[in-house]
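First the structure, in the form of structure tokens, and then the observations on it.
What you see is a predicted model, and the numbers here were worked out from it, not measured in a lab. Every number for a ligand or one of its atoms is a count from 1 in the order of the listing.
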Amino acid sequence: MPAVVLVGAQWGDEGKGKATDLLGDRVDYVVKFNGGNNAGHTVVIGDEKYALHLLPSGILSPGVTPVISNGVVVDIEVLFEELDGLIERGVDVSRLLVSQGAHVIAGYHRTVDKVTERFLGKRRIGTTGRGIGPAYADKINRVGLRVADLFDEKILAEKIEGALDQKNHLLVKVYNRRAIEVQETVDELLQHAERLRPMVADTGLALNQALDRGETVLFEGGQATMLDVDHGTYPFVTSSNATAGGAVTGSGVGPTRVDSVIGVVKAYTTRVGEGPFPTELFDDKGAYLQKAGGEFGVTTGRPRRCGWYDAVISRYAARVNGLTDLVLTKLDVLTGLEKVPVCVAYDVDGERYDEMPIDQTAFHHAKPIYEELDGWWEDISRCRTFEDLPVNAQRYVRRLEEISGCRVSAIGVGPRRDEIIGIHDLIHARA
Ligand code: GDP
Ligand code: IMO
Ligand code: MG
């Protein structure tokens with residue numbers, strides 16, 4: 001009955017989509033438990049490349065039941081656009097289940113996201129502008145709209161009225177924008193309600209029953225540990241729990257049922273949007289990683305900021321998520337470097353920190369303390385066992401394992417499905 005949680009261990013875009021796809025043949029359910037269409041996952045199958053935002057990557061695996069659970073915020077229009085795109089390419093999406101408790105992103109959430117970012121000026125977060133933060137804010141403020149509300153027009157209109165009450169004052173008086181009409185939002189959301197209805201289910205019940213039957217459930221995190229609203233680099237974070245605990249609250253499956261927690265890490269580090277990033281490179285090495293790794297956002301197309309591997313962060317991710325395994329991706333991108341620095345600790349105003357500093361100011365001041373490892377030149381994209389790797393690449397992986405405090409169970413050596421080295425089985429019972 002394995003329940004496996006897979007999360008990003010850095011600032012996102014670690015290759016979670018590829019890792020999920022890798023496990024697709026062996027799982028029965030894949031659950032998106034947090035975030036919304038701020039995510040961007042690329043999966044390359046043969047010559048086909050898929051970019052997924054709101055749907056879990058597991059939707060591409062035949063026989064898997066994809067689930068959008070209660071912890072997600074759903075933009076219904078985007079959901080159907082994405083589904084139609086996949087249907088056109090011959091993907092069977094008929095099993096998709098959507099939780100009645102998932103929150104709905106309305107047009108006003110997108111509007112508020114964009115105007116608040118503009119208003120924040122140099123203090124902006126650099127959001128994806130998809131309305132994610134405002135939709136979660138309404139959820140916590142108890143003025144959110146849930147999927148179930150779409151099937152009772154009267155209730156829906158009342159809730160939208162409640163939600164718009166304050167927002168319209170803000171939009172008109174503070175942001176100098178036009179007020180949004182209740183009916184306009186009702187019409188926008190009801191457009192797709194009938195198409196959505198057959199997909200709506202008590203997904204918490206369905207997932208628990210699947211585990212009771214001995215089936216395998218994979219919880220696929222969007223975003224990542226350092227973007228988690230509680231454990232990330234607040235306030236430069238997303239508005240949901242992207243860490244392993246989010247899989248539990250975001251799905252209605254209890255923590256005692258989780259068997260393993262996989263953290264996906266890149267062999268270096270990237271970040272999109274604003275916020276501190278100790279190992280960020282501003283020189284030709286950063287430009288090299290960006291080019292060699294194709295580091296441009298799947299959702300917004302923004303160039304990703306690049307830097308060396310940061311073991312303070314991966315140790316922190318191992319702790320916060322209770323990681324049992326690491327999937328190390330993009331090792332191939334480091335091929336051709338004479339030396340590969342890895343950050344083992346921080347220097348904060350003259351003091352050594354082996355653990356994440358707890359306050360924002362210290363983290364902003366953190367300077368990486370590097371250890372330099374020897375590089376390799378051989379093309380590793382055809383390596384399929386650990387022993388196939390050049391000795392220096394093997395040493396790099398072993399050293400990352402030591403300093404990150406978690407075993408590496410698979411290594412990505414290219415974007416394609418088969419470009420992977422398996423070391424330990426990723427689906428296993430609790431140790
Ligand atoms: P996600 O958001 O964590 O699913 O990751 P993204 O899809 O946003 O970004 C990861 C990018 O790296 C995608 O373009 C993948 O196709 C690519 N990728 C994943 N694993 C590897 C790997 O091992 N090597 C290389 N070169 N690319 C990879
Ligand atoms: P995946 O799942 C990388 C970042 C945004 C911004 C911050 C808040 O592909 O790893 P939001 O729109 O969520 O309110 O923006 O979070 N961000 C991501 N960065 N990968 C993602 O998802 C991200 N989702 C959000 O750039 O800094
Ligand atoms: Mg991504």
Checklist entry - Does any N or O atom in L331 lie less than 3.5 angstrom from one in ligand 1, N or O only? => result no
Checklist entry - Counting backbone and side-chain atoms alike, does G40 have an N/O/S atom under 2.8 Å from the Mg ion (ligand 3)? => result yes
Checklist entry - Is there any N or O on T42 that sits under 3.5 Å from an N or O of ligand 1? => result yes
Item to check | Ring-face cation of R124 near F119 (centre distance under 6.0 Å, axis angle within 45°) | outcome: no
Checklist entry - Are D113 and R130 close enough, and set up right, to give a salt bridge (charged side-chain N to carboxylate O under 4.0 Å, His left out), and what steps lead you there? => result CA-CA 7 Å; D113 194 355; R130 304 295 193 261; over 6 Å; no
Checklist entry - Between G35 and S240, what is the shortest heavy-atom contact and its length? => result N-OG, 3.5 Å
Next on the checklist: Under a 3.5 Å threshold, yes or no: a donor from one side chain and an acceptor from the other, between S314 and S404?
Outcome noted: yes
Checklist entry - Which atoms of ligand 1 have any heavy atom of H41 under 4.0 Å away? => result 1 (P), 2 (O), 4 (O), 7 (O)
Next on the checklist: Check K339 with E372, please: is the shortest side-chain N to carboxylate O separation under 4.0 Å?
Outcome noted: no
Next on the checklist: Among the N, O or S atoms of D13, which one sits nearest to the Mg ion (ligand 3)?
Outcome noted: OD1
Item to check | Residue that, paired with E295, satisfies side-chain contact (heavy atoms from CB on, under 4.5 Å) out of L289, V333, T270, V272 | outcome: T270
Checklist entry - Which ligand 1 atoms, with their elements, are less than 4.0 angstrom from a heavy-atom of R304? => result 8 (O), 9 (O)
Next on the checklist: Please list, in number order, the atoms of ligand 2 under 4.0 Å from a heavy atom of K16.
Outcome noted: 1 (P), 2 (O), 10 (O)
Item to check | Electrostatic pair R384-D418, nearest N-O below 4.0 angstrom | outcome: yes
Checklist outcome for this item: Min over K18, R416, K330, R417 of heavy-atom distance to atom 11 (C) of ligand 1 lands on K330
Item to check | Nearest option to atom 11 (P) of ligand 2, as decided by whichever heavy atom of T300, T299, T238 sits closest | outcome: T238
Checklist entry - Nearest protein heavy atom to atom 10 (C) of ligand 1, by residue and atom, and its distance? => result D13 O, 3.6 Å
Checklist entry - Distance from S69 atom OG to Q100 atom CD, nearest 0.5 Å? => result 10.5 Å
Checklist entry - Nearest protein heavy-atom contact for atom 15 (O) of ligand 2: which residue, which atom, what distance? => result T127 CA, 3.3 Å
Checklist entry - Taking only heavy atoms of V413, which atoms of ligand 1 are found under 4.0 Å from at least one of them? => result 23 (O)
Item to check | Short N or O distance, V272 and ligand 2, threshold 3.5 Å exclusive | outcome: yes
Checklist entry - Do N321 and H231 get their side chains close enough for a donor-acceptor pair, meaning under 3.5 Å? => result no
Next on the checklist: Once you restrict to heavy atoms under 4.0 Å, what part of R130 touches ligand 2? Side chain, backbone, both or neither.
Outcome noted: neither
Next on the checklist: What protein heavy atom lies closest to atom 23 (C) of ligand 2? Include the residue and the distance to one decimal.
Outcome noted: Q223 CG, 3.7 Å
Item to check | Nearest-0.5 Å distance that lies between atom OG1 in T233 and atom CD in E274 | outcome: 11.5 Å
Next on the checklist: Quick check on contacts: which atoms of ligand 1 are under 4.0 angstrom from a heavy atom of V298?
Outcome noted: 8 (O)
Item to check | Side-chain ion pair, D75 and R110, N-O less than 4.0 Å | outcome: yes
Checklist entry - Evaluating non-hydrogen atoms only, which member of G126, G36, G40, P235 is closest to atom 5 (C) of ligand 2? => result G126
Next on the checklist: Please confirm whether G40 approaches ligand 1 to less than 4.0 Å, judged on its heavy atoms.
Outcome noted: yes
Item to check | Interatomic spacing from OG1 in T324 to CZ in R407 - rounded to 0.5 Å | outcome: 7.0 Å
Checklist entry - Between V237, L227, T128, which one has a non-hydrogen atom sitting closest to atom 8 (C) of ligand 2? => result V237
Checklist entry - Would you say the side-chain atoms of D138 and H109 include a donor-acceptor pair closer than 3.5 Å? => result yes
Next on the checklist: Using a 4.0 Å cutoff against the non-hydrogen atoms of G12, which atoms of ligand 2 qualify?
Outcome noted: 10 (O), 20 (N)
Item to check | Row check, F296 ring normal vs R304 NZ/CZ: under 6.0 Å, within 45° | outcome: no
Checklist outcome for this item: Nearest heavy atom to atom 3 (C) of ligand 2, choosing from V7, I132, D13, belongs to D13
Checklist entry - Do the side-chain N and O atoms of S381 and D332 include a donor-acceptor pair separated by under 3.5 angstrom? => result no
Checklist entry - Between K159 and L145, what is the shortest heavy-atom contact and its length? => result CB-CD2, 3.6 Å
Next on the checklist: Please check whether D113 reaches ligand 2 - meaning an N/O of the residue sits under 3.5 Å from an N/O of the ligand, judged on distance alone.
Outcome noted: no
Next on the checklist: I want to know if ligand 1 touches G12 in the polar sense, i.e. an N/O pair below 3.5 angstrom.
Outcome noted: no
Item to check | Y346 and D310: side chain donor to acceptor below 3.5 Å | outcome: yes
Next on the checklist: Side chain or backbone, does T329 bring an N or O within less than 3.5 Å of an N or O on ligand 1?
Outcome noted: no
Checklist entry - Taking NZ, NE, NH1 and NH2 as the nitrogens, is one of them in E117 or K114 under 4.0 Å from a carboxylate oxygen of the other? => result no
Item to check | G17 neighbourhood, listing ligand 1 atoms whose heavy-atom distance to it stays under 4.0 Å | outcome: 4 (O)
Checklist entry - What protein heavy atom sits nearest atom 24 (N) of ligand 1, and how far off is it? => result D332 OD1, 2.8 Å
Checklist entry - Touching ligand 1 at all, G414? Heavy atoms, strictly under 4.0 Å? => result yes
Item to check | Taking atom 26 (O) of ligand 2 as the reference point, the nearest protein heavy atom with its distance | outcome: R302 NH2, 2.9 Å
Checklist entry - Just which atoms of ligand 1 are under 4.0 Å from any heavy atom in G412? => result 23 (O)
Checklist outcome for this item: A student checking ligand 2 against G222 at a 4.0 Å heavy-atom cut-off should list atoms 2 (O)
Checklist entry - Should you measure from each heavy atom of W11, which atoms of ligand 2 turn up under 4.0 Å away? => result 3 (C), 19 (N)
